[in-house]
Amino acid sequence: METMLVPPWLEQLLNTAFFRVCRSHGDAARSECNMYCLDCNTDAFCLYCRSSKHEDHQVIQIRRSSYHDVVRVSEIQKVLDISGVQTYVINGARVLFLNERPQPKGGKTVSHICEICGRNLVDAFRFCSLGCKLVAIKRNNGDGTSTKEEEEELREGEKQDIYRPTPPTPSSSARRRKGIPHRAPFRS
């Protein structure tokens, strides 16, 4: 059987609304729907749903950064070729954005831009998000059929050697804070 160009779960993942309150566990403390099951490929669910319905399934957790959905590189690269997609370090973890983000107005001229949406990129990558990479692959195929070369672009992770290593992060001194933030003393 020929490998599919786009895993069957990817488009559904990119179109899923995350971070809504779970209908089944709305009264519980961490009941936001920020998990996605690659096996079921249906809808987002919460931590409690995972333990009751998806215990032995392949699940990824979606996180938020500046009101946009991200996924950790360590989770997604096991099942998907993410080469060419810009990654960022957020809260100590390397992540990538699921979907295109609006480009801020103005700004500096940069040498790297997303091939699909034109967003400025920090490094020499082709896409700002998984969604933009998916658009490019579909655009190159026209009718959605795949060639052998394009199948290598985005497919389920059977061949780990096709993954391009993530570029190193800038030195920690480049992002060092000026000092330790101090709270104002409590007053009675």
Side-chain angles (χ1 to χ4, degrees), residues 1-20 33-44 58-90 93-167:
M1 183 174 174
E2 190 172 333
T3 304
M4 297 180 71
L5 173 63
V6 177
W9 49 263
L10 182 59
E11 287 187 76
Q12 178 68 26
L13 169 72
L14 297 176
N15 292 313
T16 298
F18 292 98
F19 298 97
R20 58 180 171 67
C33 295
N34 68 338
M35 307 258 178
Y36 191 83
C37 181
L38 305 182
D39 297 323
C40 297
N41 192 27
T42 54
D43 202 6
Q58 192 167 18
V59 173
I60 58 173
Q61 182 178 2
I62 305 304
R63 298 161 196 281
R64 275 263 149 122
S65 175
S66 302
Y67 304 104
H68 296 283
D69 298 337
V70 299
V71 64
R72 284 188 174 170
V73 169
S74 61
E75 288 185 56
I76 197 73
Q77 73 181 3
K78 295 174 186 174
V79 294
L80 191 67
D81 176 11
I82 60 169
S83 63
V85 180
Q86 175 75 60
T87 61
Y88 301 88
V89 176
I90 299 175
R94 188 155 292 278
V95 300
L96 56 85
F97 286 89
L98 293 184
N99 291 299
E100 171 187 338
R101 297 167 294 142
Q103 177 71 36
K105 302 283 184 210
K108 300 182 258 182
T109 303
V110 295
S111 57
H112 306 293
I113 61 169
C114 177
E115 293 177 13
I116 300 303
C117 70
R119 181 174 184 82
N120 295 339
L121 300 176
V122 178
D123 297 312
F125 288 97
R126 295 177 59 196
F127 311 106
C128 69
S129 65
L130 281 177
C132 284
K133 182 173 181 176
L134 178 62
V135 168
I137 289 170
K138 287 181 149 193
R139 204 178 270 173
N140 290 340
N141 278 338
D143 61 358
T145 59
S146 61
T147 65
K148 286 288 184 190
E149 290 173 6
E150 289 164 334
E151 285 176 4
E152 293 298 323
E153 280 286 312
L154 184 63
R155 62 186 281 196
E156 294 183 272
E158 295 170 13
K159 292 171 63 179
Q160 294 295 325
D161 61 337
I162 63 173
Y163 298 119
R164 185 173 68 159
T166 305

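In this view, Asp39 satisfies the salt bridge (Lys or Arg N to Asp or Glu O under 4.0 Å) rule with no residue, not counting sequence neighbours. When the salt bridge (Lys or Arg N to Asp or Glu O under 4.0 Å) test is applied to Arg119, no partner is found at least two apart in sequence or on another chain.
Between the side chain of Lys133 and the backbone N or O of Ser83, at least one donor-acceptor pair lies under 3.5 Å. The backbone N or O of Asp123 sits less than 3.5 Å from a side-chain atom of Gln86, completing a donor-acceptor pair.
Under the 4.5 Å side-chain criterion, counting only non-hydrogen atoms from C-beta, Phe127 is not in contact with Ile82. Residues Leu13 and Val71 are not in side-chain contact: their nearest non-hydrogen atoms beyond the backbone lie 4.5 Å or more apart. Lys138 places a side-chain heavy atom less than 4.5 Å from the side chain of Glu11. Using a 4.5 Å heavy-atom threshold, the side chains of Arg20 and Asp43 count as touching. Leu130 is listed as a side-chain neighbour of Leu80, based on a closest heavy-atom distance under 4.5 Å. Side-chain contact between Leu98 and Phe18 is present, with heavy atoms from C-beta onward closer than 4.5 Å. Side-chain atoms of Phe19 and Ile62, non-hydrogen and from C-beta on, do get closer than 4.5 Å to each other.
Taken to the nearest 0.5 Å, the CG atom of Leu121 stands 9.5 Å off from the OG atom of Ser111. To the nearest 0.5 Å, the span separating CD1 on Ile76 from OG1 on Thr87 amounts to 13.5 Å. Taking SG of Cys132 as the reference point, atom CZ of Arg101 lies at 9.5 Å (rounded to 0.5 Å). Going from atom CZ of Arg63 over to atom CG of Asp69 covers 12.0 Å, rounded to the nearest 0.5 Å. To the nearest 0.5 angstrom, Ser129 atom OG is 9.0 Å from Ile116 atom CD1. Residue Asn99 holds its CG atom at 10.5 Å from SG of Cys117, rounded to the nearest 0.5 Å.
Here the shortest heavy-atom pairing between Ser65 and Val70 reads CB-CG1, 4.0 Å.
Around CZ of Arg72, the count of heavy atoms belonging to other residues, nucleotides or ligands within 6.0 Å does not exceed 12.
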Show, in sequence, the C-alpha distance, side-chain angles and deciding distance for Asn41 and Tyr36, and conclude whether the side chain to side chain donor-acceptor pair (under 3.5 Å) test is met.
CA-CA 7 Å; Asn41 192 27; Tyr36 191 83; 2.5 Å; yes

